[in-house]
Amino acid sequence: MSAAGKLLFGLPAGAKFMGAGGRLHRGWGVLAVPAALGFALTPDCACAGAWTLRESQVQAYLQSTATRADHAFDGSSNLYAAQTYDKISTQLFMEVGANDVLTLIVAPELLSISLGSPADTSYLGAGYTDLGGRVKIAEGDGFVASLQAVARFPGAKPGEGPAVIGYVNGELDLRALAGWNFVLWGWAAFLDVEVAQRLRFGAPPDEVRLDVTLGVRLAPRWLALAQSFNVVSEGAGEAPYFDASYEYYKLQMGVMYDLADNFSVQASLVTTYFARNALQENGLVLAALYRY
């Protein structure tokens, strides 16, 4: 990064600015909750995890994630004070069962990003729009496996300033998903595990992602969620903003409450607990799920 770039982002020599959540970095993979417990969620997607929908079944999941970072991890994973980075991402995930094997996915996003001093710049507008599908490839007693491909189209343009760095290049997310339904200490539970290859076009490097969700039905209307989102870049990308490799690991904990048989609300807390060349983010996730 040039001297001007380091000054702009308030970073020490050798550090790189990695945007909140994963693009430089936005990263949420796919939260998951299984059909047996009512559905499934994601942060790049709050969808049905490894489970596919029945033919003509529709699921709409509206999620808003607000995060703030005023510290970052350097190349040795040491924390240091950095310029403030505030982000609100609101995304509507729509899933439709084309048949009992194929589920179609569309997810538009509204994005708000603000960078503090010395940049003092912001962006409010379209984020990524995701289009893709998930195909069930195996199913057994309490088990399902699927493959998913999602193309991600950016809404921000390169000329809209430093706030949109990492949000202006197309992406292709290819992932293998597996889900299990089981009983945990007498409670109905599920586990969703997803491994993804994220192809990022342009300057950013490609990424390997691992998303894990554990859901436990603690009461008839209450579902506890523990989620882990993990991203490792495949080397570095192109200068000036992506000329260093990075990795970050997020933990998200929350609950979902069923207001009705087909309508649920969610609240979760999320934090970046460890990273390298990435921001230390903390935030709140609020969501609503409607199934019909």
Side-chain angles (χ1 to χ4, degrees), residues 9-11 15-31 41-46 61-74 77 79-93 107-117 119-128 130 152 154-156 161-168 171 198 204 207 209 211 213 225-231 233 241 246-255 265-288:
F9 294 115
L11 302 182
K16 298 289 179 270
F17 177 80
M18 301 297 170
R23 285 184 267 286
L24 291 185
H25 306 141
R26 188 182 175 253
W28 287 93
V30 179
L31 309 178
L41 321 172
T42 68
D44 279 334
C45 184
Y61 181 83
L62 181 64
Q63 174 180 281
S64 187
T65 302
T67 58
R68 162 168 273 240
D70 56 15
H71 284 73
F73 293 90
D74 64 17
S77 298
L79 271 176
Y80 65 92
Q83 121 190 68
T84 58
Y85 183 100
D86 294 287
K87 183 180 74 173
I88 300 176
S89 170
T90 300
Q91 205 159 10
L92 176 62
F93 302 93
E109 178 187 33
L110 178 64
L111 194 61
S112 173
I113 298 176
S114 296
L115 299 178
S117 177
D120 288 324
T121 187
S122 62
Y123 170 79
L124 174 62
Y128 277 91
D130 296 354
R152 315 192 70 231
V164 297
I165 291 172
Y167 287 85
V168 298
E171 300 180 346
R198 176 69 62 86
E207 300 170 341
R209 291 171 172 249
D211 301 332
T213 296
L225 293 169
Q227 299 172 284
S228 174
F229 304 104
N230 312 281
V231 177
S233 73
Y241 300 114
Y246 56 82
E247 57 189 293
Y248 58 93
Y249 306 91
K250 292 188 174 187
L251 180 64
Q252 183 169 308
M253 305 288 290
V255 293
V265 292
Q266 177 194 350
S268 299
L269 297 175
V270 61
T271 185
T272 306
Y273 63 89
F274 185 76
R276 179 175 55 83
N277 287 332
L279 291 177
Q280 200 286 310
E281 295 182 88
N282 300 289
L284 173 67
V285 180
L286 298 176

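Bear in mind that the values here come from a model prediction, so they are computed numbers and not experimental data.
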Separation between [atom1] of [X] and [atom2] of [Y], rounded to the nearest 0.5 Å:
X: Ser233; Y: Arg198; atom1: OG; atom2: CZ; value: 13.5 Å
X: Asp70; Y: Tyr85; atom1: CG; atom2: OH; value: 14.0 Å
X: Gln266; Y: Ser268; atom1: CD; atom2: OG; value: 4.0 Å
X: Tyr241; Y: Ile165; atom1: OH; atom2: CD1; value: 4.0 Å

With heavy-atom distances below 4.5 Å as the criterion, would you say the side chains of [X] and [Y] are in contact?
X: Ile113; Y: Tyr167; value: yes
X: Leu269; Y: Leu284; value: yes
X: Leu225; Y: Gln252; value: no
X: Asp130; Y: Gln91; value: yes
X: Asp211; Y: Gln227; value: no
X: Tyr246; Y: Glu207; value: yes
X: Asn277; Y: Phe73; value: no

Looking only at heavy atoms, which two atoms of [X] and [Y] are closest? And how far apart?
X: Phe274; Y: Ser77; answer: CZ-OG, 3.4 Å
X: Leu110; Y: Gly125; answer: CD1-O, 3.4 Å
X: Ala66; Y: Ile88; answer: CB-CG1, 4.0 Å
X: Thr90; Y: Ser64; answer: OG1-OG, 3.1 Å

Can Thr271 and Asn282 be said to form a side chain to side chain donor-acceptor pair (under 3.5 Å), step by step?
CA-CA 4 Å; Thr271 185; Asn282 300 289; 2.6 Å; yes

May I ask you to decide if Tyr128's main-chain N or O and Glu109's side chain share a donor-acceptor pair within less than 3.5 Å?
yes

Any donor-acceptor pair under 3.5 Å from Gln280 side chain to Thr272 backbone
yes

Under the side-chain hydrogen bond (donor to acceptor under 3.5 Å, both in side chains) test, which residues partner [X], sequence neighbours left out?
X: Tyr249; answer: Glu247
X: Ser122; answer: none
X: Asp86; answer: Arg68

